[in-house]
Engineer: 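Following this message is one structure expressed as structure tokens.
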Amino acid sequence: MNLSEIVFVDSLGGKTPACVNRKTGLMYIDRKWWNELPLEHRFFILLHEWAHAELNTSNEFEADNLAFKTYVKFGYSITEAIHALTRVLSYTTNEHSDRTLKLIETAKEYDKGNINSWHRQFYKY
């Protein structure tokens, strides 16, 4: 399902800055959260919700992974991807900690791969 519309609402209950209805493609954004987030974090959150719709999944890890891959393809900082997540999660569940740790591992692997490819451009072995 593709996104059909983005709708700003006064509140989503204070626990999340955004959510998506995978059946309709409607994404809802909480104005209170939105106004307090830096642009880079907003973009990651949009990508995360888009990933839920694109993959038709409720799995947060899958959405985080696709959002991260897309985010860095646009040239955004891997550190800011992690900050986007840590800024909005409440850490009241183990899943929040697990998501953060998984994203950190994904970022490390991405960074390692890119450093190696950059390094190979300039040094012959």
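Positions are given from 1, in the same order as the sequence printed here.
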Engineer: Measuring from atom NE2 of His41 to atom CG of Leu46, what distance do you get when rounded to the nearest 0.5 angstrom?
Structural biologist: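 Between His41 NE2 and Leu46 CG, I get 13.0 Å after rounding to 0.5 Å.
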
Engineer: Considering only heavy atoms from C-beta outward, does the side chain of Lys69 approach that of Tyr110 to under 4.5 Å?
Structural biologist: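 Result no, sub-4.5 Å side-chain heavy-atom pair not found.
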
Engineer: Would His96 and Ser90 count as a side-chain contact (heavy atoms from CB on, under 4.5 Å) here? Give the steps.
Structural biologist: CA-CA 7 Å; His96 289 177; Ser90 65; 3.3 Å; yes

Engineer: For a quick test of reading the model, state the closest non-hydrogen atom pair linking Ala51 to Ala63 and the distance between them.
Structural biologist: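 What the structure gives for the nearest pair is CB-O, 3.5 Å.
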
Engineer: Identify the heavy atoms of Glu49 and Cys19 that sit nearest to each other, and give their distance.
Structural biologist: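 Closest approach of Glu49 to Cys19, heavy atoms only: OE1-CA, 3.4 Å.
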
Engineer: Honestly curious: do Phe74 and Leu103 fall in one hydrophobic cluster under the side-chain, below-4.5 Å linking rule?
Structural biologist: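 Per the 4.5 Å side-chain linkage, Phe74 and Leu103 are co-clustered.
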
Engineer: Ile104 vs Ile82, test: side-chain contact (heavy atoms from CB on, under 4.5 Å). Steps then yes/no.
Structural biologist: CA-CA 7 Å; Ile104 290 169; Ile82 295 164; 3.9 Å; yes

Engineer: With distance as the sole test, does Ser4 use its side chain to make a donor-acceptor pair with the main-chain N or O of Thr24 at under 3.5 Å?
Structural biologist: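 Yes; at least one donor-acceptor contact below 3.5 Å.
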
Engineer: With a 4.5 Å heavy-atom cut-off, do Tyr71 and His48 have their side chains touching?
Structural biologist: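 Contact flag for Tyr71/His48 side chains = no.
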
Engineer: State yes or no: do Phe44 and Phe8 share one hydrophobic cluster built from I, L, V, M, F, W and Y residues joined by side-chain heavy-atom distances below 4.5 Å, directly or via other members?
Structural biologist: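 Yes, Phe44 and Phe8 fall within the same hydrophobic cluster.
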
Engineer: Hey, quick one: are Tyr91 and Trp33 part of the same hydrophobic cluster, counting side-chain heavy atoms closer than 4.5 Å, chains of contacts allowed?
Structural biologist: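 Linked, Tyr91 and Trp33 end up in one cluster.
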
Engineer: Decide yes or no on side-chain contact (heavy atoms from CB on, under 4.5 Å) for Ser77 and His83, but give the supporting numbers first.
Structural biologist: CA-CA 10 Å; Ser77 159; His83 288 167; over 6 Å; no

Engineer: Could you please spell out the steps behind the side-chain contact (heavy atoms from CB on, under 4.5 Å) verdict for Arg42 and Ile29?
Structural biologist: CA-CA 10 Å; Arg42 291 178 186 183; Ile29 298 176; over 6 Å; no

Engineer: Kindly check if the number of other-residue, nucleotide or ligand heavy atoms within 6.0 Å of CG (Asn35) is above 12?
Structural biologist: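 Atom CG in Asn35 is crowded, with more than 12 foreign heavy atoms closer than 6.0 Å.
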
Engineer: Would you name the heavy atoms of Pro17 and Val88 that are closest together and state the gap between them?
Structural biologist: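 For Pro17 and Val88, the tightest heavy-atom pair comes out as CG-CG1, 3.9 Å.
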
Engineer: For Glu54, run the side chain to side chain contact (heavy atoms under 4.5 Å, CB included) check against Asn2, Leu47, Val20 and tell me which one passes.
Structural biologist: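 Of all the options given, the one that passes is Asn2.
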
Engineer: Taking Phe68 as the fixed residue, which of Thr70, Val72, Leu66, Asp64 is the one that meets the side chain to side chain contact (heavy atoms under 4.5 Å, CB included) rule?
Structural biologist: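 Answer to the side chain to side chain contact (heavy atoms under 4.5 Å, CB included) test with Phe68 among Thr70, Val72, Leu66, Asp64: Val72.
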
Engineer: Linking I/L/V/M/F/W/Y whenever any side-chain heavy atoms sit under 4.5 Å apart, do Leu12 and Met27 land together?
Structural biologist: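 Not linked; separate clusters.
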
Engineer: Answer yes if Leu85 and Ile78 sit in the same cluster of Ile, Leu, Val, Met, Phe, Trp and Tyr residues linked by side chain heavy atoms under 4.5 Å apart, and no otherwise.
Structural biologist: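 Yes.
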
Engineer: Kindly indicate, with the supporting measurements, whether the criterion ring pair (Phe, Tyr, Trp, His ring centres under 6.0 Å) is fulfilled by Tyr76 and Phe43.
Structural biologist: CA-CA 9 Å; Tyr76 283 90; Phe43 188 54; 4.9 Å; yes

Engineer: Enter the distance from Asp98:CG to Glu95:CD here, rounded to the nearest 0.5 Å.
Structural biologist: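 One finds 7.5 Å between CG of Asp98 and CD of Glu95.
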
Engineer: What is the minimum heavy-atom distance between Lys32 and Asp10, and which atoms define it?
Structural biologist: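 Answer, listing the atom of Lys32 first, then Asp10: CE-O, 3.5 Å.
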
Engineer: Check this for me, if you would: do Lys102 and Glu105 make a salt bridge, where the nitrogen-to-carboxylate-oxygen distance has to be below 4.0 angstrom?
Structural biologist: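 Glu105 and Lys102: not salt-bridged.
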
Engineer: Regarding Glu60 and His52, is there a side-chain donor-to-acceptor distance under 3.5 Å anywhere?
Structural biologist: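 Yes, a side-chain donor-acceptor pair sits under 3.5 Å.
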
